[in-house]
Amino acid sequence: TREGDVLVGTYGGGLNIVSMTHSSDFYSIGNNRVIELYQTSDGTIWVGTESGLFTFDMTLRSSSKVSFGNSSDLNALEPIVWDLKESDSGVLWLATMHHGVFALDRSSASSKTVMDSPSSLPEHIGLGGSVYALEIDDQGYIWCSTDSGLTRIDPVSKQTLMFSQQQGLQLSEFDVGVSHNDNKGY
């Protein structure tokens, strides 16, 4: 973190904070199966778990669940969040299991609600299921690794372009965390 603490997300043990100035602490978040930790430019700590997305307040040492639907809807989504990336414009992109990609525009959101319903566009982009990892290139395109190859999303138009073995990929199927962005932005 910016404060010099080390956050360790564990699969079954929640969130652990190792501090150079304080004792180490354990915090329960959701079902304690942490998959992804990400700190955005404003200092917010985002925690992707098998029971949804959370923010973690380092000062208060507490977590808050991020809503993915109407809280009165019993079928509100709690997607498994596998990856998070922040664009230069401050939009937080989320790669999820079985629910595609979500875009959370934190500058215009008065709450932490990502979407109103699974079909609402442009906040939710289907991509046919699981998105395993994300990268943002120097031109601002969002790249997604999926079971069907790579998908490039134009964040402005929300248009997608698919790449598979037909376009030269060695394989079309990727796995969790598979992505790369080199120093040239590729």
Side-chain angles (χ1 to χ4, degrees), residues 7 9 11 30 33-42 44-55 66-69 75-109 112-186:
L7 302 182
Y11 193 79
R33 293 180 178 166
V34 176
I35 297 171
E36 179 74 11
L37 295 169
Y38 191 83
Q39 185 171 22
T40 48
S41 58
D42 65 358
T44 302
I45 305 292
W46 298 84
V47 185
T49 74
E50 281 197 355
S51 59
L53 181 66
F54 295 80
T55 58
V66 177
S67 172
F68 276 80
N75 296 317
L77 290 175
E78 290 187 353
I80 295 173
V81 178
W82 278 339
D83 199 8
L84 300 138
K85 292 288 188 289
E86 181 182 22
S87 69
D88 288 343
S89 64
V91 173
L92 186 63
W93 291 85
L94 296 81
T96 69
M97 178 179 182
H98 303 306
H99 297 289
V101 173
F102 292 87
L104 172 58
D105 185 350
R106 297 171 301 123
S107 66
S108 65
K112 293 186 175 83
T113 301
V114 177
M115 56 177 244
D116 294 325
S117 69
S119 62
S120 66
L121 288 173
E123 293 82 8
H124 175 254
I125 300 168
L127 298 183
S130 296
V131 175
Y132 298 116
L134 301 168
E135 292 294 340
I136 301 175
D137 68 19
D138 287 350
Q139 298 170 6
Y141 291 114
I142 314 302
W143 291 85
C144 310
S145 60
T146 73
D147 280 335
S148 306
L150 293 174
T151 300
R152 186 186 78 181
I153 301 170
D154 181 324
V156 176
S157 69
K158 305 300 187 266
Q159 295 293 316
T160 60
L161 183 60
M162 301 284 296
F163 298 88
S164 66
Q165 286 177 296
Q166 294 175 338
Q167 286 76 34
L169 291 180
Q170 185 177 10
L171 296 171
S172 289
E173 186 172 337
F174 290 86
D175 206 346
V176 176
V178 176
S179 69
H180 176 74
N181 190 345
D182 68 17
N183 60 1
K184 293 181 182 176
Y186 298 108

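From a predicted model like this one, the values you see are computed outputs, not experimental measurements. Only this structure's heavy atoms are used, side chains among them; waters, hydrogens and symmetry mates stay out.
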Between V81 and F102, is there a side-chain heavy-atom distance shorter than 4.5 Å? no
Salt bridge (Lys or Arg N to Asp or Glu O under 4.0 Å) partners of D88, counting only residues at least two apart: none
Got a second to check how far I45's CD1 is from Y38's OH, nearest 0.5 Å? 11.0 Å
Could you tell me which non-hydrogen atom of G140 sits nearest to which non-hydrogen atom of P155, and how far apart they are? O-CG, 3.1 Å
Scanning both residues in full, the closest heavy-atom pair of A95 with A133 reads CB-N, 4.3 Å
Would you indicate whether the side-chain heavy atoms of W93 and C144 approach each other to under 4.5 Å? no
Show your reasoning for whether side chain to side chain contact (heavy atoms under 4.5 Å, CB included) applies to D154 and Y141. CA-CA 5 Å; D154 181 324; Y141 291 114; 3.9 Å; yes
What pair of heavy atoms forms the shortest contact from V91 to A103, and how long is it? CG1-CB, 3.9 Å
Which pair of non-hydrogen atoms, one from S130 and one from W82, has the smallest distance, and what is that distance? CB-CZ3, 3.9 Å
Straight-line distance of T151 OG1 to W143 CH2, nearest 0.5 Å: 9.0 Å
Is the shortest heavy-atom distance from the side chain of L150 to the side chain of S145 under 4.5 Å? yes
Could you check whether any side-chain heavy atom of L84 comes within less than 4.5 Å of a side-chain heavy atom of L53, counting everything from C-beta outward? yes
Give, for atom CD of E36 and atom NZ of K85, the distance between the pair rounded to the nearest 0.5 Å. 6.0 Å
Under the side chain to side chain contact (heavy atoms under 4.5 Å, CB included) test, which residues partner L161, sequence neighbours left out? R152, F163
From CG (L92) to CG (D42), nearest 0.5 Å: 9.5 Å
Salt bridge (Lys or Arg N to Asp or Glu O under 4.0 Å) involving E50 - partner list, sequence neighbours excluded: R33
Please report the interatomic distance OG1(T49) to CZ(F54), rounded to the nearest 0.5 Å. 4.5 Å
Distance in Å, I136 CD1 paired with I153 CD1, rounded so as to fall on 0.5 Å steps: 10.0 Å
